[in-house]
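Heads up, the thing below is written out as structure tokens.
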There are 2 protein chains.
Amino acid sequence: MTIETILDNIYPLLEESKQLVARLVKEVSFPKGYILLKANKIETSIYLVKKGIVRAYSDLDGNDITFWFGQEGDPVISMKSYVSNQKGYEDIELLEACTFYELKISDLQDLFLKDIHIANWGRRFAEKELIKTEERLISRQFRPAIDRYKDLLKDHPDLVQRVPLGYIASYLGITQVSLSRVRAELR
Amino acid sequence: MTIETILDNIYPLLEESKQLVARLVKEVSFPKGYILLKANKIETSIYLVKKGIVRAYSDLDGNDITFWFGQEGDPVISMKSYVSNQKGYEDIELLEACTFYELKISDLQDLFLKDIHIANWGRRFAEKELIKTEERLISRQFRPAIDRYKDLLKDHPDLVQRVPLGYIASYLGITQVSLSRVRAELR
DNA sequence: TTCACTATTTAACATATGTAAAAAATTACC
DNA sequence: GGTAATTTTTTACATATGTTAAATAGTGAA
């Protein structure tokens, strides 16, 4: 997936504006297990997944809880850093070797103030992330873990294969034992 | 709270740009119990609460579940309508007589394409809503209902007074009986 | 104040989920 | 291919929360 495609998928940009952003991008790769973003740290870059799969997790009383998975095309961001220049909640761990497009937040913010198209691209970007987050929240509040597990199986069957069950269980908000029971019933 | 104050709190605007937005705003009032936004409907306006308190809820198997409360200064929006021009999840019910600033979504979108300051205002607006939504999601995933109830008591003591307990229980994701038990333990 | 209505709490019981630990299955490596 | 290491499932038990229903408290109207 090229950076141009990813940018256009968020909000179509004129060639000139698009190149202003694309020029800022650096391609970077890291091995499985690498921690790309760190909790309680102000991050200065955002990333777009070119290849691979990652998880966001936070520590709660010593055991970590996964609250997001990211794959090809997804943005990997500490929203608190990006939006408020504050420390974020999440560690981002690479579940496979990954390649990212890296973008310095400050570079992007400069463009927001200079180019109205890029400002609107940034608006659409935030709006789309907002919708995704709202959907996660509503699904979590309204649907039981088993249904959300079925959704995951349906929408991201590869993810369920590629990711250890314990991470998926904590993502669903149940224990691994409970998820195992659920899976047994589905058989 | 004036509309100018609310706009500036989201992202400070130059007087000229601010007036472009302020001119679009219409003040509207409705009685307690009125349904301001309807689920499964594409909404064409967004609202900012000048006075009063509202709740967002969705129907689940016949009983409604509250997932958001809005008060003075808060935006009342069907995000799905605003961002994607699609039907939203939520009914918005007025828990008291309320006054809103109303803004047509299409009017605002026109300005996004014409004025870079307003485009950046729209970006900041989405970004801030995104942070709020993310915080709600993380709090819901990481903290037990009782702690979230304590937070609510601390951050919005008036809300706990003004809103029936059943709504608060469903907002917390527990039954009213369970919330009552929790409250009994706090005494 | 009294009555009617609504909201909240309490009680009794059923059930689902968590915890801890062991068993089984799967994967990785020599 | 065999052994160790890891992951997943199963078991047994404890506990918290849901359900239903009844009791109590609170509120507003006449």
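The sequence lines fix the lettering, A, B, ..., with proteins before strands; numbering per chain opens at 1.
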Checklist line | Contact letters for nucleotides 24-30 of chain D, in which S counts primed atoms plus P, OP1 and OP2 and B counts the base, heavy atoms under 4.0 Å | finding: -------
Margin query: Please determine whether side chain to side chain contact (heavy atoms under 4.5 Å, CB included) holds for the pair A/Y47 and A/V25, giving the CA-CA distance in whole Å, both sets of side-chain angles, and the decisive distance to 0.1 Å.
Written below: CA-CA 9 Å; A/Y47 301 86; A/V25 167; over 6 Å; no
Checklist line | Close side-chain approach of B/L152 and B/I168, heavy atoms under 4.5 Å | finding: yes
Next item on the list: State whether A/K41 and A/E43 are salt-bridged, where the test is any N-O pair (Lys NZ or Arg NE/NH1/NH2 against Asp/Glu carboxylate O) under 4.0 Å.
Entry: yes
Check: Between C/dA7 atom P and B/L165 atom CG, what is the distance in whole Å?
Finding: 11 Å
Next item on the list: Considering only NZ, NE, NH1 and NH2 on the basic side and carboxylate oxygens on the acidic side, decide whether A/E185 and A/R181 come within less than 4.0 Å.
Entry: no
Notebook entry, point to check: Roughly how many Å is it from CD in A/E185 to P in C/dT15, rounded to a whole number?
Noted result: 14 Å
Check: Do the two ring centres, one from A/Y57 and one from A/F67, sit under 6.0 Å apart?
Finding: no
Notebook entry, point to check: Does A/E72 pair with A/K50 as a salt bridge, N-O distance under 4.0 Å?
Noted result: no
Would you tabulate the nitrogen or oxygen pairs shorter than 3.5 Å linking the protein to nucleotides 23-30 of chain C?
none

Note to self: For the OG atom of A/S81 and the NZ atom of A/K87, what is their distance to the nearest 0.5 Å?
What the structure shows: 10.5 Å
Check: Through what angle, rounded to 10 degrees, does the axis of the helix from C/dT1-D/dA30 to C/dC30-D/dG1 turn between its ends, using five pairs per end?
Finding: 40°
Next item on the list: Test B/I118 against every option in B/D110, B/L7, B/L14, B/L111 by the side chain to side chain contact (heavy atoms under 4.5 Å, CB included) rule and name the one that passes.
Entry: B/L111
Next item on the list: Inspect the contact between B/K18 and B/E4 and indicate whether a charged nitrogen and a carboxylate oxygen are less than 4.0 angstrom apart.
Entry: no
Margin query: Applying side chain to side chain donor-acceptor pair (under 3.5 Å), can you list everything that pairs with B/Y89, at least two apart in sequence or on another chain?
Written below: A/E135
Note to self: I'd like to know if the side chain of A/Q141 reaches the main chain of B/T66, judged simply by a donor and an acceptor atom lying under 3.5 Å from each other, with no hydrogens or angles considered.
What the structure shows: yes
Notebook entry, point to check: Using a heavy-atom distance cut-off of less than 4.0 Å, which residues of residues 143-161 of chain A contact DNA chain D?
Noted result: none
Check: Between CG of B/D151 and NE2 of B/H156, what distance do you get to the nearest 0.5 Å?
Finding: 9.5 Å
Next item on the list: Answer yes or no: is there a donor N or O on one side and an acceptor on the other, between the side chain of B/R124 and the main chain of B/A119, under 3.5 Å?
Entry: no
Check: Atom CZ of A/R162 to atom P of D/dT7: distance rounded to whole Å?
Finding: 17 Å
Item checked: Side-chain (A/N120) to main-chain (A/R123) donor-acceptor, under 3.5 angstrom -> no
Margin query: Within residues 168-182 of chain A, which residues have any heavy atom lying less than 4.0 Å from an atom of DNA chain D?
Written below: A/Q176, A/V177, A/S180, A/R181
Next item on the list: Taking only Lys NZ, Arg NE, NH1 and NH2, and the carboxylate oxygens of Asp or Glu, determine whether A/D64 and A/R55 approach each other closer than 4.0 Å.
Entry: yes
